[in-house]
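The next block holds one structure in the form of structure tokens; read it before the comments.
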Amino acid sequence: MRFLVLLYEDERAWAALDADGRAEVFRQHDAFSAAVAAHGCTIAGGEGLASVDAATTIRRRGDDVTVTDGPFAETAEQLGGFYLVDAPDLDVVSELVRLLPEYTIEIRPTIEL
Amino acid sequence: MAGPARTTGAAATEPADAADAVDRAWRAHWSPVLGLLIGQFGRPDLAEDALADAFVAAARRWPADGVPSSPGAWLLTAARRRVLDRLRAEAVHRRKEPLMVVDERTRALAVEATDPGAHVSDDRLRLVFACCHPALAPEARVALTLRFVAGLATAEIARLLLVQEPTMAARLTRAKKRLAASGIPFATPPPERLDERLDVVATVLYLVFTAAYHPTDEPDPLRTALGDEAIRLVRVLDGLLPGRPVVRALLALLLLQHSRRDARLDDAGALVLLPDQDRSRWHADEIAEGLAVLRSVPPGVGQAEEYRLQALVAAEHATAPTADATRWGVVADLYGRLEELTGSPVVRLARAVAVAETEGPEAGLALLDGLDAALPSHHRVPSVRAELLARAGRPAEAAASFRAALGLVHNPVERRHLEGRLAATEA
């Protein structure tokens, strides 16, 4: 199964980190990637996202299109990045994401078509 | 394709006998066969549908073909075939792959799916642990276990969990969809993770036991076999994870309650309340064992303490030489501690009864205030109020409360009891 792993964080926390703090975050992401491979799973995709300042939201209602800046929802935590992981089940993914830094993490299986 | 294996030389059976056989097969084989199917395919949604289909097929075929010598094996074969049909149809629909490829993958899936729970030797207990996955809402875990392990119908589960039937139907559907769609493995957790699910597993086993004591009009009006099964599962659990207070306290509680089973109905199948029960019909060996287990559980916190307090109440009843000699003050005090711990309206109801025994009916009635709102579909609130009003010498109000209880009661044994009490009040 493929699982989209969505990482939500408070952007200000990241902005406030010093160089060592950021290096630690990268180390944890590397540990995650290594563990995924070690468990025979694969990372089929994943990116870190630019800050919500760079986000554009487009809403379509019939022929009506509005374009606004900013993210879809205003909350303290924002989508900061994602992984697409190929793994046998939810338990494996939930174990693996414990290696990531402290995010709020949403795991969603993709629909198999 | 031919049907499931037939009994060699079986003659056609009387329709009534075949219908009996289907009924018996339902009680004996529903949950073990379901457990095997889920263990093999890891798909509870398909397994349940397929097994239901197999029972429909049995109801149609057994009267004509004869009842097979091994109904469980017949049902398993029929259901397994239907699961494979469905998996094949799904795969063809999704991937348009040739059937053979799918069959191979299905076989591989089946081989993979059988091993991981081997550290839990009992099939049904494995299924209980599987139903208690933390990614499911707690009430969904309980509902799924009652459905998959105890084989209860939606209406029965709804009554046990004190919710409306449509609510329960929706909850079960949602839980099954979530299991199928979210990638939640329907499997026994590894040994080091079993403890995480222990509280929920204990809750569920207690509810399975409770289900045995909701009298029905079936041949076995108190499904004591279900009570035996719940106790057996708790014993297996106690062996698997020894010395856990929540498991020990639950075992003590169930043994003490179960010891009274033979005295709970009279020869005509009518309900006999605790004070009127023939104490010589209680199982003294089980009471002794329950008390011994209870002594091994130290005072604690949380769910273990809840069960310990309930077991202490059961022990008071079990050791009182006569109903009149019951130490109601001790019982009322235990219920008071239990209510403090849980805030449960059901506990308040029980406490009201105990308080009425020590301080009189008016004191009990005062504790019932507000319970109708907390337990709107529970017939015991108006029925307890009715008993207390009758004792307080207010027969007109008592009769009105018995009528309110009759409007809510579902099972026939309790209905007859309430009708009898109403008639006595009006006489």
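Lettering of chains follows the sequences in order, A, B, ..., and the numbering in each one begins at 1. Source: prediction; values computed, not measured.
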Does [X], at its [atom1] atom, have more than 12 non-hydrogen atoms belonging to other residues, nucleotides or ligands within less than 6.0 Å?
| X | atom1 | answer |
| --- | --- | --- |
| A/Glu102 | CD | no |
| A/Arg108 | CZ | no |
| B/Arg174 | CZ | no |
| A/Arg98 | CZ | yes |
| A/Asp69 | CG | no |
| A/Gln28 | CD | yes |

Among residues 77-93 of chain A, residues within the sub-4.5 Å heavy-atom range of chain B, in order of number, are A/Asp89, A/Leu90, A/Asp91
Bottom line for B/Ala181: the part with an atom under 4.5 Å from chain A's heavy atoms is backbone
